[in-house]
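Note that these values count all heavy atoms, side chains included, but never hydrogens, waters or copies made by symmetry. Keep in mind the model is a prediction, meaning the values are calculated, not measured.
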Amino acid sequence: MPRSSSRSRNKPVRFGYNADGDPYPTGSRQASARALRQPGRRVVPEEPVIIEKPPKKEKELQVLQLDLLMEKNMKAHHTDEYETEEMVLRRGQSFDMEVKLHRDFMKDSDQISLEFRMGGRPIVSHGTRVPVYAVDAPPKDNLEWGLQITSVEGSKVCFTVYSSADSLIGPYELVVNTTTESGIEFEFDHPTEVFMIFNPWCKQDGVYMADKAKRDEYVMNETNRVYCGTRYKIGNFPWYQGQFEDVVLECAFHLLKKSGLAYRHRRNPVMIARTMSALLNSQDDDGVLVGNWSGDYEDGVEPWLWTGSIAIFKKYMETGKPVEYGQCWVFGSLFTSIMRALGVPTRTVTNFASAHDTDSNLTLDYHYDEDGNELDNLNEDSVWNFHVWNDSWMARPDLPEGYGGWQAVDATPQETSSGVFQMGPASLSAIKKGHVYLDYDTKFAFAEVNAETVSWIVPKDSRKPPTVSWVDSNEVGINISTKAVGKDERHDVTGDYKFAEGSNLERIAVYTASKYVKGAKNFVKDVKQDIEFKVELPEDAMIGTDFNVTVNMTNNATSSRRIYLAVNGSTIYYTGVKKARVVEKKQYVNLDAGESETVSIKCDANVYLPELTEFAGFNFFVMGRVSETKQVFSRQFDTVLDKPDITITADEDITEGTPFYAKVSFTNPLPYALNNCRFLVEGPGIDGYKEEKFRHVMVGEKVEHKIKLTPKKPGTRTLMVSFKSTELAGVRGSADLVVLAA
């Protein structure tokens, strides 16, 4: 079971200061705000700001109708895929409108202006009240608002609106104001809001991304791939981001309001990314998703069952309560959905062999006794087999020049930052260079991909200090992966995070980081070895079958050697935390000069299946100690068993709005029947998220099941299906379906 110290659901203790300057603990942002209402302290009023309408007069110029030209504007703004009733616009880009007046418009004497208002206290100096006046020419550099009348046909007036590239992100109320020659004013309130989001097409926007193919992938692509497994065996599965479905943008704006983030920060992608990393987990202020690494999901949904973000966002918005349950890839996928919905280029990233350095000293310390048994009471650090977080693309005006671009952000609640479970944005450039003193949480992110693993041997005589048996600087931060641009392939981004292992630049980065790390250690590595060890793991073992791990030892010395070999195998959670030991072997091996020998360790399915986690992963610790030279070989190796894939077939002709059947099938690989079976289905343009119960599945049975679906949109759509039972979880499949227009 994962260590509760880093993932406790208890709220972190924060401190505020009263009128006398004394600290006091607070439980939440709301509690802090209440406690700060002390005499002598400036408190922001909560009462709405009332903007009075002009009095009704006989000769006012009335607006009868405002046409937002939604179809035209949203297509031009690359927002026509959004399924909202409101118009979605990208800041820093012009858009057109038309008004119908009750009489002809007089160019020389009548005036039209607009006002965009956000929140209950719209104030010009805060950017929440934006008056838009007529201009003679488009504002320069997209940094000012303006309105330019393009044509007048009697009572119909057409105009272009220019928005600022640093406008606040969120929903605006829209007001049209008219003024006659005699100064008589009229105000028209449009009945629906206008949504403003970031604009990666605009050079003046902090999220500008010049490459069209990358924009198509990191902003517009609804179907993603998440990478999982181990550094030795990388797997993947599809994920429906669904950033254009109405619930995602609705949830994004809800979370911004819930966070209490000051309006002035809602133009800043750095602050919005940091806020979302906190609000997507439930540790603070009841965010979207509850993390659970226990293996017990009886009162919620197993993390492996989710195939997309929409079902989670819908459940959260419908109930107002955190959804149960998720793990790192779910948090990361939700973050991708919500940031893409807001217009920020974002990718889902997997770090294999990801360090969790609890004491922030850039080393992961593992302790063993002289017989090769783990001393779990001394092991506080951990290496997750894989950990999923995000990169978001943005400028960093808060940092020195050169630190913009991809920023690492993590919504999984691991450790607190400024008293809240949040992480980032941390500049990848800063991580790579070891500049861990830069905001935000760069030190933690640096350790995840650069920490050294240190194996300690603890003597039986407690008066003797532990000795270092092995130091490995290449153990973590392996095969950092994301979906390739425009292809369903893995793209390795390790080079974005770190210099090549062992290179001068890589060691300089580690040295630079260590100067800012309290208690950082420096170990001298003994590389003299005359026994060569080689460990081989199974590459394609199916769950439910026996498999073998082999250790080959070769004596390269000129004389014989006696080797003590200890191998321990345990089932593990994907976080690297061990569940149960399922195999153990200890023996002495005698090798003459130049001789080799291979020892095979069998893992029996009847032994490991009752202890297997849904991850189906194993950790093997191999230790070899040479009697004559005191050479010690100690390494950890991870592997994951294969699970059957779900095969999906569908009708040849699928038409928008017409129901069709998809047939799903797989074979039960386990030596016993499957109970409490369920299929979960999700996909873009398909009729929502579906969960269907299924009968028991017998031993060795090939399951075939038909699911009725209705496509909502034409085009190539990816259908995702997962299967769950009491005995077998994490079985997945996907298929691309071509939906014809009605």
Tell me which donor-acceptor pairs under 3.5 Å the side chains of residues 329-342 have, and how far apart each pair is, sequence neighbours excluded?
from: S333; atom 1: OG; to: W329; atom 2: O; distance (Å): 2.7
from: T336; atom 1: OG1; to: G332; atom 2: O; distance (Å): 3.2
from: T336; atom 1: OG1; to: T348; atom 2: OG1; distance (Å): 2.6
from: T336; atom 1: OG1; to: N390; atom 2: ND2; distance (Å): 2.8
from: S337; atom 1: OG; to: Q241; atom 2: O; distance (Å): 2.7
from: S337; atom 1: OG; to: Q241; atom 2: NE2; distance (Å): 2.7
from: S337; atom 1: OG; to: S309; atom 2: OG; distance (Å): 2.8
from: S337; atom 1: OG; to: S333; atom 2: O; distance (Å): 3.2
from: R340; atom 1: NE; to: Y218; atom 2: O; distance (Å): 3.0
from: R340; atom 1: NE; to: T346; atom 2: O; distance (Å): 3.0
from: R340; atom 1: NH1; to: E217; atom 2: O; distance (Å): 3.4
from: R340; atom 1: NH1; to: N221; atom 2: O; distance (Å): 2.8
from: R340; atom 1: NH2; to: E217; atom 2: O; distance (Å): 3.4
from: R340; atom 1: NH2; to: T346; atom 2: O; distance (Å): 3.0

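- Residues Q243 and V219 share a closest heavy-atom pair of NE2-O, 2.9 Å.
- No hydrogens or angles considered: nothing links the side chains of T179 and Q111 as a donor-acceptor pair under 3.5 Å.
- From L114, atom CG reaches atom OG of S163 across 12.0 Å, with rounding to the nearest 0.5 Å.
- No side-chain donor from either of R267 and S164 sits under 3.5 Å from a side-chain acceptor of the other.
- Here the closest heavy-atom approach between residue P131 and residue E115 is recorded as CA-CG, 3.9 Å.
- Using modelled atom types, no side-chain atom of R347 and backbone atom of D391 make a donor-acceptor pair closer than 3.5 Å.
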| task | Quick one: do D286 and K321 satisfy salt bridge (Lys or Arg N to Asp or Glu O under 4.0 Å)? Show the steps, please. | result | CA-CA 7 Å; D286 294 327; K321 298 178 180 179; over 6 Å; no

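- Of the N and O atoms on the side chains of Q148 and Y162, at least one donor lies less than 3.5 Å from an acceptor on the other residue.
- Rounding to the nearest 0.5 angstrom, the gap separating the OG atom in S151 from the CZ atom in F159 is 10.5 Å.
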| task | Please test D104 against S155 for side-chain hydrogen bond (donor to acceptor under 3.5 Å, both in side chains), starting from the C-alpha separation and ending with a verdict. | result | CA-CA 4 Å; D104 288 352; S155 61; 4.7 Å; no

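- Among all heavy-atom pairs drawn from S417 and R274, the shortest one is OG-NH2, 2.8 Å.
- E682 has no carboxylate O lying under 4.0 Å from a charged side-chain N of K690, or vice versa, which leaves the two without a salt bridge.
- Ion pair R91/D205 flagged as a salt bridge, since at least one NZ, NE, NH1 or NH2 atom sits closer than 4.0 Å to an Asp/Glu carboxylate oxygen.
- The distance from atom CE of M423 to atom CG of N281, rounded to the nearest 0.5 Å, is 12.5 Å.
- What you find for V420 and A278 is that their closest heavy atoms are CG1-CB, 3.8 Å.
- The OG atom of S113 sits 4.0 Å away from atom CG of N177, with the distance rounded to the nearest 0.5 Å.
- Distance check, rounded to the nearest 0.5 Å: CG of L280 to OH of Y316 gives 9.0 Å.
- A salt bridge between K56 and E60 is present, with a side-chain N of the basic residue lying under 4.0 Å from a carboxylate O of the acidic one.
- Taking 4.0 Å as the cut-off between side-chain N and carboxylate O, D67 and K156 do not count as a salt-bridged pair.
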| field | ring pair (Phe, Tyr, Trp, His ring centres under 6.0 Å) between F195 and F253, intermediate numbers included | value | CA-CA 9 Å; F195 293 167; F253 294 153; 5.0 Å; yes

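- Under the 3.5 Å distance criterion, the side-chain polar atoms of R90 are matched with a main-chain donor or acceptor of F198.
- Donor-acceptor pairing under 3.5 Å is recorded for the side chains of T718 and D736.
- A salt bridge is defined here as a Lys NZ or Arg NE, NH1 or NH2 lying under 4.0 Å from an Asp or Glu carboxylate O, and E185 with K57 fails to meet this definition.
- Taking every heavy atom of both residues into account, T178 and L61 meet most closely at OG1-O, 2.5 Å.
- Remark: M87 CE to M196 CE distance equals 8.0 Å, nearest 0.5 Å.
- For P711 against V739, the heavy-atom pair with the smallest separation is CB-CG1, 3.6 Å.
- Remark: E83 engages E245, K712, K713 in a side-chain contact (heavy atoms from CB on, under 4.5 Å) (not counting sequence neighbours).
- Between D110 and R103, at least one side-chain N (NZ, or NE/NH1/NH2) sits under 4.0 Å from a carboxylate O, which counts as a salt bridge.
- Side-chain atoms of T180 and S182 include a donor-acceptor pair closer than 3.5 Å.
- No donor-acceptor distance shorter than 3.5 angstrom exists from the side chain of H77 to the backbone of L89, with no hydrogens or angles considered.
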| Test ring pair (Phe, Tyr, Trp, His ring centres under 6.0 Å) applied to W145 and Y133, step by step | CA-CA 8 Å; W145 286 78; Y133 301 112; over 10 Å; no

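- Residues satisfying the ring pair (Phe, Tyr, Trp, His ring centres under 6.0 Å) criterion with H78, sequence neighbours excluded, are W201.
- One finds a salt bridge joining E187 and K53 here, because a Lys/Arg side-chain nitrogen approaches an Asp/Glu carboxylate oxygen to under 4.0 Å.
- Without hydrogens or angle criteria, D284 side chain to F421 main chain gives a donor-acceptor distance under 3.5 Å.
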| task | With salt bridge (Lys or Arg N to Asp or Glu O under 4.0 Å) as the test, would you mind laying out the steps for K100 and E98 before giving the verdict? | result | CA-CA 7 Å; K100 179 70 174 176; E98 295 178 358; over 6 Å; no

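- Cation-pi geometry between R215 and W393 is not met at under 6.0 angstrom from the ring centre and within 45 degrees of the axis.
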